[in-house]
Amino acid sequence: MISPAEYILTLSCPDRPGVVAAVSGLLAGHGCNIIESQQFGDRVAQRFFMRVQFAAPLGEDDLNAAFAALAPDFAMEFKLRDVARKPRVLIMVSRFDHCLNDLLYRVRSKALDIEIVAVVSNHPDLRPLTQSNGIDYHHLPVTPETKPKQEAEVLALVEHYQVDLVVLARYMQVLSEDLCEKLAGRAINIHHSFLPSFKGAKPYHQAHSRGVKLIGATAHYVTADLDEGPIIEQEVARVNHSHSPQDLVAMGRDVECVALARAVRWHAEQRVLLDGHKTIIFPR
């Protein structure tokens with residue numbers, strides 16, 4: 001006997017009575033079995049959010065049609081994904097390899113259920129690491145003069161590989177407003193959490209000189225406002241006077257890897273819903 005396919009439904013709409021009943025009733029009416037269901041009502045924004053994982057005896061097209069018919073009744077925005085389809089991810093990176101290497105390992109060890117389809121870099125350094133994992137590597141140098149052309153090439157690769165998510169794994173270039181808009185809601189960045197306190201070069205050295213007690217990293221969606229997109233995950237580590245600037249750099253790389261991997265996993269599992277300038281996270 002063939003097992004029914006599993007799907008993940010995420011939705012948001014104005015908060016009002018009957019949403020849960022309508023969704024569960026639709027699923028029951030089509031012979032679906034709910035496996036996991038989470039919901040949240042934002043009382044300030046008066047908006048309702050829901051994530052449902054379910055098994056269904058019918059196909060994705062039929063399910064999309066059923067929810068499309070229901071959506072206008074609740075001014076509902078929804079997204080449906082077949083669990084069997086791994087999100088296709090393009091990673092952008094410069095010279096620092098720790099986040100890229102961590103994501104590659106998590107995919108290889110099956111701790112992260114995504115398909116990394118390509119790596120793009122403005123430097124050639126990480127080609128051996130990428131290609132040793134059987135992944136295409138695209139070296140796209142960029143200067144202020146060539147930035148529009150280079151970003152057009154990035155978008156062409158997103159289209160070519162049918163990319164679902166772009167991950168900036170320590171990509172040390174600022175994306176243009178145009179590219180940010182075209183990747184809205186499907187591009188994640190990682191940075192140290194010292195901004196705006198420690199801007200510019202060597203933030204960990206600046207933090208050391210100020211005697212900080214916590215260092216951290218933030219994973220967020222990319223927007224035209226530099227490093228101010230909706231936050232998905234943050235991670236911190238406690239430090240003290242005995243740690244050198246080099247210790248802080250090493251610890252900072254660890255927390256960057258952890259925060260980015262969680263953000264990518266939660267996005268891939270459709271556990272992140274945008275709520276204005278913030279996010280709703282439905283954890284496991």
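All values below were derived from every heavy atom in this structure, side-chain atoms included, with hydrogens, water molecules and symmetry-related copies excluded. Note that the structure is predicted; figures quoted are calculated from it, not measured.
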Heavy-atom side-chain proximity of [X] to [Y] below 4.5 angstrom:
X      : Y      : result
Ile34  : Ser24  : yes
Arg265 : Arg284 : yes
Arg186 : Val158 : yes
Leu274 : Thr279 : yes
Tyr171 : Asn189 : no
Gln38  : Arg271 : yes
His192 : Glu256 : yes
Ser37  : Val20  : no

Shared ILVMFWY cluster between [X] and [Y], side chains joined below 4.5 angstrom?
X      : Y      : value
Leu126 : Val89  : yes
Ile188 : Ile116 : yes
Phe40  : Ile231 : no
Leu179 : Leu168 : yes
Val19  : Leu9   : yes

[X] side, atom [atom1]; [Y] side, atom [atom2] - distance, nearest 0.5 Å:
X      : Y      : atom1 : atom2 : answer
Leu273 : Ile280 : CG    : CD1   : 7.5 Å
Arg238 : Ile215 : CZ    : CD1   : 11.5 Å
Asp164 : Lys86  : CG    : NZ    : 13.0 Å
Asp82  : Glu6   : CG    : CD    : 9.0 Å
Gln173 : Thr143 : CD    : OG1   : 9.5 Å
Thr146 : Glu151 : OG1   : CD    : 9.5 Å

Please report the closest heavy-atom contact between [X] and [Y], naming both atoms and the distance.
X      : Y      : value
Ala259 : Ala219 : O-CB, 3.8 Å
Glu60  : Tyr7   : N-OH, 3.3 Å
Ala261 : Arg106 : CB-NE, 3.3 Å
Phe48  : Gln39  : CZ-CB, 3.7 Å
Phe78  : Asn64  : CE1-OD1, 3.4 Å
Leu26  : Ala66  : CD1-O, 3.6 Å

Backbone N or O of [Y] within a donor-acceptor pair of the [X] side chain at under 3.5 Å?
X      : Y      : value
Gln150 : Leu140 : yes
Ser244 : Asp247 : yes
His208 : His243 : yes
Thr10  : Gln270 : no
Thr218 : Gln234 : no

Stepwise side-chain contact (heavy atoms from CB on, under 4.5 Å) test for Asp136 and His160: CA-CA 12 Å; Asp136 293 344; His160 172 75; over 6 Å; no

Quick one: do His138 and Tyr161 satisfy ring pair (Phe, Tyr, Trp, His ring centres under 6.0 Å)? Show the steps, please. CA-CA 12 Å; His138 298 271; Tyr161 286 102; 5.7 Å; yes

His267 vs Tyr221 aromatic rings, parallel, tilted or perpendicular, using cut-offs 30° and 60°? perpendicular

Can a cation-pi geometry be assigned to Arg170 and Phe96, taking NZ or CZ under 6.0 Å from the six-membered ring centre and within 45° of the ring axis? yes

Just by distance, no angles: are the side chains of Asp225 and Thr223 close enough, under 3.5 Å, to form a donor-acceptor pair? no

Would you say that more than 12 heavy atoms from the other residues, nucleotides or ligands in this model lie under 6.0 Å from the [atom1] of [X], or not?
X      : atom1 : value
His277 : NE2   : no
Glu177 : CD    : no
Gln46  : CD    : yes

In a check of side chain to side chain contact (heavy atoms under 4.5 Å, CB included) between Cys257 and each of Asn101, Leu100, Asp102, which one passes? Asp102

Please determine whether side-chain contact (heavy atoms from CB on, under 4.5 Å) holds for the pair Ile281 and Ile232, giving the CA-CA distance in whole Å, both sets of side-chain angles, and the decisive distance to 0.1 Å. CA-CA 8 Å; Ile281 310 291; Ile232 306 171; 4.1 Å; yes

Please determine if Glu269 and Arg51 form a salt bridge, counting it only when a charged side-chain N lies under 4.0 Å from a carboxylate O. no

Taking ILVMFWY side chains as joined if any heavy atoms are under 4.5 angstrom apart, and letting links pass through other members, which residues group with Ile8? Val83

What do the steps show when you test Cys32 against Leu63 for side-chain contact (heavy atoms from CB on, under 4.5 Å), and what is the final call? CA-CA 10 Å; Cys32 304; Leu63 286 166; 4.2 Å; yes

What's the verdict on side-chain contact (heavy atoms from CB on, under 4.5 Å) for Val212 and Val239, showing C-alpha distance, side-chain angles and the deciding distance? CA-CA 7 Å; Val212 301; Val239 297; 4.2 Å; yes

